[in-house]
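Shown next, in structure tokens, is the structure this report addresses.
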Amino acid sequence: MRKRSHIQKEETVDLSLWHFLPPDLPDPTVEAWNVANIFPEKKPIELEIGSGKGLFLKNAAKSFPERNFLGIEISKKYARLIALYLAHDITPNAAVVCGDAVLVLQNSIPDAFLAAVHIYFPDPWWKNKHSKRRIVCPSVVKLIHQKLISGGKFHFWTDVEPYFRKGLEVITAVSELEGPFDVPVSEPEHDFDYRTHFERRTCLNGEPVFRSLFVKK
Ligand SMILES: C[S@@+](CC[C@H](N)C(=O)[O-])C[C@H]1O[C@@H](n2cnc3c(N)ncnc32)[C@H](O)[C@@H]1O
């Protein structure tokens with residue numbers, strides 16, 4: 001049997017400050033979005049769609065304590081794992097919602113609210129007949145544009161070149177986001193100095209990563 005890390009064994013940890021479900025989020029149409037439901041302090045909020053094992057949330061929350069980071073992860077197993085990591089480090093400015101990011105964006109996030117949206121290595125849905133399930137698609141890009149504040153950033157990275165090219169086309173065609181801007185790349189300073197686990201794996205395999213940044217006017 002494979003060894004489980006100590007963090008996965010902690011089944012009795014109180015995750016209530018780090019793990020949320022969509023109904024825990026306020027309804028933006030009937031009340032002002034109160035970050036106190038999720039974060040202890042009001043700060044600009046950055047949203048990550050598809051957080052996986054949560055490396056981005058963990059590192060970003062540490063590097064930018066002046067911001068709050070909210071991950072949305074559809075897999076219950078990964079959402080719990082992320083919450084365990086955040087609880088383990090007692091991270092006050094990051095949390096995860098377990099649910100479908102599209103529904104959360106549609107139903108729970110006010111317009112002109114997010115300082116940034118991050119999508120890293122989204123599921124590629126290789127087969128042509130499945131490609132409409134891709135998260136970077138016209139309807140979701142329009143939603144992202146709507147939810148960003150002016151000056152807000154949209155980060156889209158992937159290791160799948162055709163998805164990247166198509167994604168840039170879609171973003172440019174359906175939104176007024178400016179870009180793509182170049183993304184500077186620096187040498188990692190330690191083994192987990194990568195944006196996400198998928199970036200780490202791709203770079204360690206010597207494969208290319210396609211990175212883009214867009215900004216809302
Ligand atoms: C290929 S993984 C990449 C994970 C992470 N971003 C990384 O770079 O390491 C894609 C992740 O997106 C999650 N995901 C897929 N569709 C989603 C959706 N509609 N809402 C939230 N998460 C989703 C998957 O469960 C998976 O964890």
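Only a predicted model underlies this, so the values are computations on that prediction, with no experimental measurement involved. Because only heavy atoms are used, hydrogens play no part in the values below, and waters and symmetry mates are left out as well, while side chains stay in. Order of appearance sets the numbers: ligands from 1, and atoms from 1 within every ligand.
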So how far is it from L47 CG to K147 NZ, rounded to the nearest 0.5 Å? 11.0 Å

Side chains of S212 and L168: closer than 4.5 Å at any heavy-atom pair? yes

Step through it carefully: locate the ring centre of Y120, locate the ring centre of F198, and say whether they are under 6.0 Å apart. no

Starting from the N and O atoms of ligand 1, find every protein N or O within less than 3.5 Å and list the pair with its distance.
from, atom 1, to, atom 2, distance (Å)
ligand 1, 6 (N), G50, O, 2.8
ligand 1, 6 (N), Y120, O, 2.8
ligand 1, 8 (O), Y120, O, 3.4
ligand 1, 8 (O), T196, OG1, 2.7
ligand 1, 9 (O), F198, N, 3.0
ligand 1, 19 (N), D100, OD1, 3.1
ligand 1, 20 (N), A101, N, 2.9
ligand 1, 22 (N), I74, N, 3.2
ligand 1, 25 (O), E73, OE2, 2.6
ligand 1, 27 (O), E73, OE1, 2.8
ligand 1, 27 (O), E73, OE2, 3.2

Give me the one residue out of I119, V183, L213 that meets side chain to side chain contact (heavy atoms under 4.5 Å, CB included) with W157. V183

S150 and K217 have their tightest heavy-atom pair at OG-O, 3.1 Å

Name all residues meeting the side-chain contact (heavy atoms from CB on, under 4.5 Å) criterion together with D89; count only those two or more places apart in sequence or in a different chain, and write none if there are none. K58, K62, T91

